[in-house]
Amino acid sequence: MRYLYALSDFSLTAFSILVMLCALAQPAYAYVDPGSGLFAFQLMSTTIAGMIFMLRKRLHKLFRSLTLHSAPKSEKAAK
Amino acid sequence: MIGPNSSATQGSFRDPAGRLYRDGDRILREVYPNHSASVLAWLRSPLTQRWIKQQRMVAATVVASEPGQPVLLEHERIFFPSYPWEWAPSQWKQAASLTLDLCEEALDDGFVLKDATPLNILFAGHRAVFVDVLSFEKRDPQFPLWNAYAQFVRTFLLPICAYIYLGWPLAATQQRRDGYEPTDLAPFLSLVRRWRNPLRSLVTIPGLLQKKWNFTSERANVSVELASFAIRRLLRSTRGLLDSLGPSARASRWSCYPETANHYKAADHDAKQAFIRNALDSIRPARVLDVGANTGVYSRIAAECRADVVAWDTDVQASDMNWQAAHKEGLPILPLVADFARPTPALGWQNLENASLLERARGQFECVLMLGILHHLLVADQIPLPAIIEQLWDITKRWAIVEWIPQNDVQFKELCRGREPLYAHLGEEYFSQIISRRFTVCSRAKLSNGRSLWLVERIG
């Protein structure tokens, strides 16, 4: 159940990154043509980068929590 | 400081932050008051100072800086400005690589490259130098996109793709200031090639998205960590796409010429090289133009005689080989794909944005080499000898070393292809008579293959 919750949480984060990136626009001070297809491609790549970033962060968190849980056990075993 | 003799270089009028001026031999840049503080901070940053020291960015000195007034910078002048449409493929890749390197390094110091076009780069000899100091700005740490990405792809990667995969000449970019759109290339690519990288990422997917997406809404931000991760990942993948383009080496008509020139015996080669080396040693020119340089055998001799060399040749592959050799050996040679008979014209708005090849060359070279090129100009380009000599006189400041090729030469005959009677008057005596109108003959040598070498000095 906990993993299902983590998965839905991750999907929701990825989706919100995509929605947020879709809302990005060219700032007024940039005078170069941002392109349309190439700009969309960059948004897509950035969304994927966002998802990888979130996944890495969550995996890092998971490993950390697993290490924390396994640490007391090993201490008990040592005693 | 910008006086009545200063002329704004037309190519700089698009930049909202400033403008470039030429004042005689000086290159000045005016930075508008609303950008002055940020540009000065950027120029004084350790990062910019490091790049200038490494000769990757052009040096800039602050000449005037009054509060509320435009800042005036003076740039180190780079000898012989060149344009991307005169570069060989390896020079394009070098310029693209420098652009990505600087953009990546700037991120560490909180800056970003706001425009990424080959026009930001000049070549000082074989070395690419970033010259547009106004192209960097403070980066919004929460903004995950690189605004200049599309421009980098359009103006660097797609022209290289078009050259490699479609054989479109890089010189054609003189008609495409803002490069190619993915949809320009897509119809000419096979289905298989289109779905393979790098074209999948540069042409196919952006081309499909171009029809579907339109972005007009407000700007939004993400976390600093995520923004930095995303932009660095984008730059890494762009670097991967650039690295996957090439090598572009293919043999051309002239790229193997020095090895296959069987009308030259080894002794003639040696005698020719010895004459040129002795001539250059005796006149010691600071700047040499090598017209019809091919792979740069004689450009290298000039460079070894401590001259800064600009080497023109019409053959892209030969120029590419010349640049690669100069780059590898660190020689002060700038090879350009340029044609003496059809020089690059002035281009852009009002024909004032980019100077013509001859305008840039006039009065710049103490010595001009014209070796093994005269018969091409006479026969293939059908330019009369007096006109060629007049042009040579116009370009050189003082000296010229010219190789005369007689009508019975194998190469001359091959170019004539049955039109020998048209060129029957082109004897060595006629050449001597024409060249003597504008030059004094200082020394000459006859080779055993009938060709002759002439060191001449300009009259007047």
Side-chain angles (χ1 to χ4, degrees), chain A residues 2-71, chain B residues 14-17 35 113-117 135 137 140 143-155 157-158 178-179 181-183 186 201-223 225-234 236-238:
Chain A
R2 198 173 141 201
Y3 290 109
L4 202 68
Y5 170 75
L7 189 70
S8 68
D9 184 33
F10 175 68
S11 312
L12 197 69
T13 314
F15 179 71
S16 53
I17 290 169
L18 178 67
V19 170
M20 192 165 51
L21 285 170
C22 288
L24 293 170
Q26 195 60 17
Y29 54 79
Y31 69 102
V32 298
D33 173 9
S36 59
L38 287 164
F39 185 57
F41 181 78
Q42 193 187 172
L43 285 186
M44 219 175 73
S45 310
T46 308
T47 307
I48 294 167
M51 288 163 76
I52 293 169
F53 179 80
M54 295 310 294
L55 184 68
R56 272 174 42 168
K57 217 170 167 184
R58 297 215 170 259
L59 282 174
H60 185 72
K61 226 175 182 178
L62 188 72
F63 280 128
R64 236 180 46 190
S65 67
L66 283 175
T67 326
L68 282 175
H69 279 116
S70 61
Chain B
R14 287 188 182 82
D15 198 329
H35 290 89
L113 190 59
K114 66 177 177 180
D115 63 298
T117 148
S135 284
E137 64 184 359
D140 174 354
F143 189 59
L145 301 179
W146 179 30
N147 280 327
Y149 170 75
Q151 192 189 31
F152 182 82
V153 174
R154 280 196 307 265
T155 58
L157 300 186
L158 291 182
D178 205 28
E181 287 290 344
T183 45
S201 303
L202 296 173
V203 175
T204 313
I205 299 174
L208 290 171
L209 293 171
Q210 189 159 330
K211 294 163 190 163
K212 315 258 181 222
W213 294 59
N214 191 21
F215 304 96
T216 49
S217 51
E218 286 305 309
R219 180 182 174 131
N221 290 329
V222 297
S223 76
E225 222 181 339
L226 172 55
S228 169
F229 177 81
I231 203 163
R232 281 174 200 282
R233 196 173 174 274
L234 178 81
R236 258 202 322 275
S237 70
T238 311

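Numbered from 1 within each chain, the chains take letters A, B, ... in sequence-line order.
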Taking all non-hydrogen atoms of both residues, which atom of B/Ala230 and which atom of A/Ala49 are closest, and how far apart?
-> CA-CB, 4.0 Å

Residues A/Leu38 and B/Val153: closest non-hydrogen pair is CD2-CG1, 3.7 Å

Test side-chain contact (heavy atoms from CB on, under 4.5 Å) on A/Arg56 and B/Phe229 and set out the steps.
-> CA-CA 11 Å; A/Arg56 272 174 42 168; B/Phe229 177 81; 3.6 Å; yes

Geometric class of the B/Tyr149/A/Phe41 ring pair [parallel <30°, tilted 30-60°, perpendicular >60°] = parallel

Which answer fits B/Ile231, side chain, backbone, both or neither, if we ask what part of it has an atom under 4.5 Å from a heavy atom of chain A?
-> neither

Under the 3.5 angstrom rule, does the side chain of A/Gln42 hit a backbone N or O of B/Ala150 as a donor-acceptor pair?
-> no

Grab the two heavy atoms, one from B/Leu234 and one from A/Ser45, that are nearest each other, plus how far apart they are.
-> CD1-CB, 4.5 Å

Most contact-rich option vs chain A, by heavy-atom pairs under 4.5 angstrom, among B/Ala148, B/Pro182, B/Ala17, B/Ser201, is B/Ser201

Tell me, for B/Thr238 versus chain A, whether the close heavy atoms (under 4.5 Å) come from the side chain, the backbone, both or neither.
-> neither

Just how far is it from atom OG1 of A/Thr46 to atom CH2 of B/Trp146, taken to the nearest 0.5 Å?
-> 12.5 Å

Shortest non-hydrogen contact from B/Leu226 to A/Gly50?
-> CD1-CA, 3.5 Å

